[in-house]
2 protein chains.
Amino acid sequence: MTAATDAAEPLVDALHGAVTGKVIVDPVSTERLSHDRADWAPIGTPAAVVVAESAEDVRRVVRLCFERGVPVVARGAGTGLSGGANAVDGCVVVSLERMDKVLHVDPVERLAVVQPGVVNDHLRARVAEDGLWYPPDPASSPWSTIGGNVATNAGGLCCVKYGVTRDYVLELEVVTGSGELVRLGRRTAKGVAGYDLVSLMVGSEGTLGIVTEVTVRLRPLPAPRHTVAAFFDSVVAAGDAVRLVAERGLTPAVFELVDRHCLEAVDAWKNMGLAVDANAVLLAQVDEQGSAGEQAADGLLAAFEDSGASWAGRSADQAEAEALFAARRLAYPALERLGPVLTEDVCVPKQAVTQMLGRIDEIAGRHDIRIANIAHVGDGNLHPLLIVPTDDAAAPRRAQAAFDEILAAALALAGTVTGEHGVGLLKRGGLSQELSPAVLDMHRAVKRALDPAGILNPGKVFETAPAAG
Amino acid sequence: MTAATDAAEPLVDALHGAVTGKVIVDPVSTERLSHDRADWAPIGTPAAVVVAESAEDVRRVVRLCFERGVPVVARGAGTGLSGGANAVDGCVVVSLERMDKVLHVDPVERLAVVQPGVVNDHLRARVAEDGLWYPPDPASSPWSTIGGNVATNAGGLCCVKYGVTRDYVLELEVVTGSGELVRLGRRTAKGVAGYDLVSLMVGSEGTLGIVTEVTVRLRPLPAPRHTVAAFFDSVVAAGDAVRLVAERGLTPAVFELVDRHCLEAVDAWKNMGLAVDANAVLLAQVDEQGSAGEQAADGLLAAFEDSGASWAGRSADQAEAEALFAARRLAYPALERLGPVLTEDVCVPKQAVTQMLGRIDEIAGRHDIRIANIAHVGDGNLHPLLIVPTDDAAAPRRAQAAFDEILAAALALAGTVTGEHGVGLLKRGGLSQELSPAVLDMHRAVKRALDPAGILNPGKVFETAPAAG
């Protein structure tokens, strides 16, 4: 099956002959499968979409495209926020949504073997049956797939204590740029036999290989959490509290910030009665067991009070805590009701959070763009949400200028242009500001080494051709 | 300073002119700096050893060697066990031992910036002053350097709960194969801007770059530990206990196995009165705080008793626990008194530990080689120690055969040929059994991409030329 196919055969005919999955060419369906949720990124027109049924399907598509020099763009659920899954003109989009099985859960080794199309929350529910936990929990977890999480090295609320997707990937089955199916990594707890090609693949946004199977590490389900919340008169004061928590050596399992813009939008939409007299809310949870959990919650409470919270308290009942977290989860859709939202994803050192929040406020004012803030604030990972009213023709230009200035401000504070959403198309300019030309050249060299024909998601993350000069 | 040097100038003269550090050429000194502790690996003769004083020294050496096609072998303290730091003929050895400063400790961001020659224990002591902890703790920690730990992705006793070196490296300064000084990674808690070149460098054993600065992630110092020990009549019964601990979802912070051969050797040497009537001892520690710690210790005790321990108990005082751990630490030098020791480092799934220990016993008997076992058993990472008596001329051949069979047995049990020591020279054959030809080709492609002249530690980990066929 690795023999060259007839390159003169039309691409779509060849795809039909090569795969067991569906080959879609009607423009309405292909358009729907041609982009993620980054509204501002350019979208190309694919030649076809293949809904892969197996690793062998993926291998055959890539092999066929390798022989013809046709680009291949992999997609999961299309929940990305950087344009990483957007089609490029003439490409074959490979949808992995139908490869959605949890193949194996091993409670002794604490691992699960899954197909890439498994939805994050489905995996979490499945392993919970065995008393196990898959920590990475992007806000998209009800819809996003593990394959997409691996491609972007997805983060989430639990990262602040439990790390990101890369920390949980043990082994990958991958189709390489030349259409070979390989296994990378291992299932043992430790192993140093050869280069860490697994970590290289994780977060490479489909530019180095297409993942067809993932073995993830699991943890025991943690103890029930204590929630501590606090209200602050200013976003900047909340940033100071973040610093104090870090200084005192406290490690919450979840540590989020939600600002007044978000709370107001959620309340206007859902009428939840979030009559919060605050410009920023900090939401933290601790999950140490027994007396240690009590102590950790008390420690957070004291830190919030000591940094000038207008109110701080431990949530006595689970429902109250749930309402505050629901507001955090609903912030994005609530804001989208006000206009298209341009989502930022900078990450800065913890001690720079206050400064960064101040800079965002200043940028918002100067460009007359409403910017709401939700943040995985314990990680310094901020999500300024730029709201672009549709009735203001000049708003998109102002928003883009604000977006670019936020990236520059994060870099000036020793931060990064993307904490967890990935570079895709939207942050390519930011990446080239963040990395030195020599490091970008290393990226291109690695790309050429593993995708010699340059067919895997070309033009994403960085321009493939070296920069002039 | 990047202009080409005069390639006609003799290498040693050029080195003298290029660096501020010492250039050593006398054969007695260069021999001492030409190998690690893998007695069985071949050692080449270097043209010179450069004791680097700065990243700029390293950059100049590599640049000069790049222009002349001369191999460069980096070394830290030379405590490696796979021959990874062994000289190749005509190379320049770059010693990083003098670059031994802790540059910066940041308690809020929980990170430290260090030069590669900092000794592991020195870093641990320094950050403890700020209430912080650097977890990776290879047995060589009193001597081995962070640079060497990064090159081999060193493990240790704490890995079972806290992970390995790679999990703690945030940012690296590296000299590439073409002699460029680059910074990889970032200091923020999260970040997905570009490929994970940091993880690629970690564990690459000096074949992809030479590390000149390391930023490591730190944790708060953990709570004092509870120690639980148990004696078993057979090594295999101890393996069963390991499985039961995993099945019950317990996560010790340290979980070690020491067998009778080790205890006897330590007692014969140190006369510690380790009158242990057991064929295997399990040593575990838990570090949960407060009542959770008590519970975790009780849970381990019950698991040991339920799996047939002849004795199990919680160590009431710290001194008693210390004596048992001292025996574990002293096992290797104690065994070396009996003859040269060939150190194995396989890692298998936790549920295969019992089977693997049985296979080792069988291999020892069949080849008439005494094999002692110490193990990071909670990780499935076993260190069979093959003792090769000097008064038995046929012993080296028998030991080599046993060594090879242990690797094959580990692979047959879905394990890996090296859990934490690295491939170096000793495990190259094992690596090519573990990885498929396609994955080995990916390694070679990455090597060519980042070290186009093939000068960085050539011939280590894998043969650079592709395998025939």
Side-chain angles (χ1 to χ4, degrees), chain A residues 108-109 131 152-153 155 159 164 166 180 182 184 186-197 199-200 202-204 220 243 246-247 249 288-292 347-351 379-381 414-420 422-423 431 434-436 438-439 442-443 445-446 448-450 461, chain B residues 108-109 131 152-153 155 159 164 166 180 182 184 186-197 199-200 202-204 220 243 246-247 249 288-292 347-351 379-381 414-420 422-423 431 434-436 438-439 442-443 445-446 448-450 461:
Chain A
V108 177
E109 305 300 326
T152 55
N153 188 24
C159 304
V164 293
R166 184 177 287 123
E180 289 200 82
V182 296
L184 306 175
R186 57 195 59 78
R187 293 186 186 177
T188 49
K190 290 157 76 178
V192 292
Y195 300 152
D196 186 3
L197 299 181
S199 291
L200 187 62
V202 177
S204 66
R243 189 193 157 98
E247 277 175 359
E288 282 87 354
Q289 289 175 51
S291 57
C347 189
V348 297
K350 277 167 273 194
Q351 43 213 321
D379 281 321
N381 187 191
T416 174
V417 297
T418 176
E420 59 181 8
V423 176
L431 185 83
E434 180 167 338
L435 305 184
S436 70
V439 173
M442 292 172 76
H443 278 70
V446 168
R448 278 192 303 269
L450 298 182
V461 187
Chain B
V108 176
E109 305 300 327
T152 56
N153 188 23
C159 304
V164 294
R166 184 177 287 122
E180 289 199 82
V182 297
L184 306 174
R186 58 193 60 77
R187 293 187 187 176
T188 50
K190 289 158 75 179
V192 292
Y195 300 153
D196 186 3
L197 299 180
S199 292
L200 187 63
V202 177
S204 66
R243 189 193 157 99
E247 278 175 358
E288 282 87 355
Q289 289 174 52
S291 57
C347 189
V348 296
K350 276 167 274 195
Q351 43 213 320
D379 281 320
N381 187 191
T416 175
V417 298
T418 177
E420 59 180 9
V423 176
L431 186 83
E434 180 168 338
L435 304 184
S436 69
V439 173
M442 291 171 77
H443 279 70
V446 168
R448 278 193 302 271
L450 298 182
V461 188

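Nothing here was measured: the structure is a model prediction, and the numbers come from that model.
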Next item on the list: Sort out for me which residue in B:N153, B:T416, B:V164 forms a side-chain contact (heavy atoms from CB on, under 4.5 Å) with A:K190.
Entry: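 Of the listed options, the one satisfying the test is B:V164.
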Next item on the list: Please determine which of B:V202, B:V439, B:L200 meets the side-chain contact (heavy atoms from CB on, under 4.5 Å) test together with A:Y195.
Entry: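 That would be B:L200; it is the only one of B:V202, B:V439, B:L200 passing the side-chain contact (heavy atoms from CB on, under 4.5 Å) with A:Y195.
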Checklist line | Rounded distance [0.5 Å steps], CZ in A:R448 versus CZ in B:R448 | finding: 12.5 Å
Where does [X] contact chain A at under 4.5 Å (heavy atoms): side chain, backbone, both or neither?
X: B:E288; value: neither
X: B:D379; value: both
X: B:R187; value: neither

Check: Got B:R186 and A:E434 here, is their nearest side-chain heavy-atom distance under 4.5 Å?
Finding: yes
Notebook entry, point to check: So do the side chains of B:H443 and A:L197 get within less than 4.5 Å of each other, counting heavy atoms only?
Noted result: yes
If you tally heavy-atom pairs under 4.5 Å against chain A, which of [options] wins?
options: B:E247, B:M442, B:Q351; result: B:Q351
options: B:A292, B:G194, B:G380; result: B:G194
options: B:P220, B:G249, B:G203; result: B:G249

What are the two closest heavy atoms between [X] and [Y], and how far apart are they?
X: A:T188; Y: B:A414; answer: CG2-O, 3.8 Å
X: A:S291; Y: B:G290; answer: OG-CA, 4.1 Å
X: B:G422; Y: A:V192; answer: N-CG2, 3.4 Å

Margin query: Checking the side chain of A:E109 only, and the main-chain atoms of B:K350 only, is there a donor and an acceptor separated by less than 3.5 Å?
Written below: yes
Next item on the list: May I ask you to name which of A:V461, A:V446, A:T152, A:V423 has the most heavy-atom pairs under 4.5 Å with chain B?
Entry: A:V446
Checklist line | Largest heavy-atom contact set with chain B, pairs under 4.5 Å, which of A:G191, A:G155, A:G131 | finding: A:G191
Can you say whether [X] sits under 4.5 Å from chain B via the side chain, the backbone, both, or neither, judging by heavy atoms?
X: A:A193; answer: both
X: A:V108; answer: both
X: A:P349; answer: both
X: A:C347; answer: both

Check: Which residues satisfy the side chain to side chain donor-acceptor pair (under 3.5 Å) test with B:Q289, sequence neighbours excluded?
Finding: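 None.
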